[in-house]
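Everything below concerns the one structure shown next.
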Amino acid sequence: MNSSKSEVDLDRPNVEEYLTEAHLDGTLQPGRKLLLRDLLDISPALNEAASAIVDRVLVEFICSVFVASWTGVVKYHGPRPSVRPRQVFVANHTSMIDFIILEQMTAFAVIMQKHPGWVGLLQSTILESLGCIWFNRTEAKDRHIVSEKIKQHIEGPDNNPLLIFPEGTCVNNQYTVMFKKGAFELGCTVCPIAIKYNKIFVDAFWNSKKQSFTMHLVRLMTSWAVVCDVWYLEPQTLQPGETPIEFAERVRDIISMRAGIKKVPWDGYLKYYRPSPKLTESK
């Protein structure tokens with residue numbers, strides 16, 4: 001059945017009606033139709049939300065590729081972290097791959113030292129979108145800046161969960177050194193994460209003084225597998241009369257017990273300093 005030209009014109013949408021000049025005062029007048037310009041006005045907000053989702057998925061995918069490249073066998077225990085305001089996640093630290101293993105499951109915003117080379121490029125291009133916070137150990141003023149950024153981040157209800165490695169350095173996964181108190185004096189909930197590597201195929205410890213991170217990854221990729229367990233433990237809060245240092249030690253006890261790691265009363269930064277000959281002789 002053929003339709004006349006007039007009938008086709010009646011069915012055709014009136015594009016000019018949607019392209020007419022919209023309201024000039026920024027408000028929708030009563031009885032006025034929603035025009036195309038109104039939809040375009042809200043598109044930046046939609047684009048920002050969609051971009052945040054894409055960034056999270058992209059980072060999780062990249063981390064999954066890294067884990068697959070070294071034949072990672074990772075078992076996660078406990079409920080997956082969720083986005084909630086005024087909480088931080090803390091974990092023991094063996095290598096920079098700790099972050100990759102945790103990131104493939106949850107898009108954390110991490111506090112990390114600024115690195116050079118291709119790692120620094122990933123930090124400034126991809127990880128920056130997650131709200132990660134960078135610092136430089138040689139800059140004393142960075143401590144105050146990082147502290148302020150942390151406080152701002154945990155107050156945001158839509159920010160990605162914040163991940164902190166309170167040991168401040170990589171340890172060989174046999175011991176836990178003293179936790180820095182910064183994460184425990186924020187007045188927020190602390191969620192412990194225990195990470196334990198099985199050395200049956202390869203030792204995942206990264207000694208940054210002897211090996212670059214690139215060569216560390218090559219060693220992992222050429223091994224048979226990286227076997228690891230991750231436990232998401234019960235959230236903890238500061239108890240009445242408890243100091244931030246005591247709080248940090250209590251959380252360290254929980255992580256060490258779950259991962260089967262021995263606690264030692266050392267500061268992790270000791271590995272960056274050579275003891276004096278007199279002290280060595282006295283010992």
Side-chain angles (χ1 to χ4, degrees), residues 43-67 76 79-93 95-137 139 141-170 179-193 195 213 230 232-233 235-237 248 251:
S43 62
L46 295 178
N47 287 338
E48 184 178 353
S51 177
I53 295 174
V54 170
D55 289 339
R56 293 190 190 105
V57 173
L58 177 61
V59 171
E60 291 176 2
F61 172 74
I62 292 175
C63 291
S64 298
V65 171
F66 270 112
V67 174
Y76 299 88
R80 182 172 176 173
S82 58
V83 179
R84 295 179 182 176
R86 299 195 60 76
Q87 70 173 8
V88 296
F89 290 81
V90 298
N92 57 303
H93 198 22
S95 166
M96 202 148 56
I97 71 168
D98 300 337
F99 166 72
I100 298 175
I101 288 174
L102 296 177
E103 199 75 8
Q104 76 163 344
M105 290 296 291
T106 304
F108 285 105
V110 69
I111 298 177
M112 185 187 298
Q113 180 181 352
K114 184 65 176 176
H115 290 270
W118 66 270
V119 177
L121 181 62
L122 288 179
Q123 287 179 313
S124 59
T125 55
I126 298 177
L127 299 181
E128 191 80 30
S129 62
L130 299 179
C132 297
I133 301 173
W134 317 123
F135 66 91
N136 192 336
R137 297 186 195 276
E139 295 290 338
K141 63 180 182 180
D142 275 12
R143 292 189 178 184
H144 176 72
I145 295 174
V146 168
S147 178
E148 291 301 317
K149 287 183 177 180
I150 291 175
K151 294 176 182 178
Q152 294 173 9
H153 187 96
I154 63 175
E155 295 296 338
D158 298 325
N159 290 337
N160 291 318
L162 187 62
L163 174 64
I164 300 176
F165 296 105
E167 289 174 296
T169 187
C170 296
F179 282 5
K180 303 293 183 295
K181 66 176 183 177
F184 304 91
E185 56 186 5
L186 297 171
C188 62
T189 301
V190 175
C191 305
I193 301 176
I195 305 173
F213 184 63
V230 176
Y232 299 111
L233 305 175
Q236 305 293 319
T237 56
V251 172

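In terms of modelled atom types and a separation under 3.5 Å, the side chain of Gln87 and the main chain of Cys191 share no donor-acceptor contact. Between the side chain of Ser95 and the backbone N or O of Ile97 there is at least one donor-acceptor pair closer than 3.5 Å. With hydrogens and angles ignored, the 3.5 Å screen pairs a side-chain donor or acceptor of Ser124 with a backbone N or O of Leu121. Using modelled atom types, no side-chain atom of Gln113 and backbone atom of Thr169 make a donor-acceptor pair closer than 3.5 Å.
Annotation for Lys181: atom NZ does not count as buried by contact number, only 12 or fewer foreign heavy atoms lying within 6.0 Å.
The distance from atom CG of Asp98 to atom CG of Leu163, rounded to the nearest 0.5 Å, is 9.0 Å. Between the CE atom in Met112 and the CZ atom in Phe99 there is a gap of 4.5 Å [rounded to 0.5 Å]. For the atom pair CG of Asn159 and CG of Leu130, the computed distance is 11.0 Å after rounding to the nearest 0.5 Å. Between atom CG of residue Leu122 and atom SG of residue Cys132 there is a gap of 11.0 Å, rounded to the nearest 0.5 Å. The CG atom of Leu186 lies 6.5 Å from the CD1 atom of Ile164; values are rounded to the nearest 0.5 Å.
Phe213 is not listed as a side-chain neighbour of His115, based on a closest heavy-atom distance of 4.5 Å or more. Annotation: side chain of Val88 is not in contact with side chain of Phe184 (no heavy-atom distance under 4.5 Å). Using a 4.5 Å cut-off on side-chain heavy atoms (C-beta onward), Glu103 and Val110 make no contact. Contact of the Ile101 side chain with the Ile195 side chain is not registered, since no non-hydrogen atoms from C-beta on lie closer than 4.5 Å.
Counting all heavy atoms, side chain and backbone alike, Lys114 lies closest to Gln123 at CD-OE1, 3.5 Å. Nearest approach of Ala107 to Asn160, heavy atoms of both residues: O-CB, 3.2 Å. The shortest non-hydrogen separation linking Ile193 to Asn92 is O-OD1, 3.5 Å. The two residues Pro81 and Thr106 come nearest to each other via the heavy atoms CD-OG1, 3.6 Å. Summarising the geometry of Thr189 relative to Pro235, their closest heavy-atom pair is CG2-CB, 3.5 Å, with the distance given to 0.1 Å. When every heavy atom of Pro85 is checked against every heavy atom of Pro157, the shortest pair comes out as CB-CA, 4.2 Å.
Listed by chain and number, the residues in a side chain to side chain donor-acceptor pair (under 3.5 Å) with Glu128 are Trp134 (sequence neighbours excluded). Residues meeting the ring-ring contact (aromatic ring centres under 6.0 Å, His included) test with His153, sequence neighbours left out: none.
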For Glu167 and Phe179, what are the C-alpha separation, side-chain angles and deciding distance, and is it a side chain to side chain contact (heavy atoms under 4.5 Å, CB included)? CA-CA 5 Å; Glu167 289 174 296; Phe179 282 5; 3.4 Å; yes
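The aromatic rings of Phe108 and Phe89 sit perpendicular, their planes meeting at an angle over 60°, well past the 30° parallel limit.
Every pair passing salt bridge (Lys or Arg N to Asp or Glu O under 4.0 Å) that includes a residue from residues 146-158 is listed here, sequence neighbours excluded: Arg86-Glu155.
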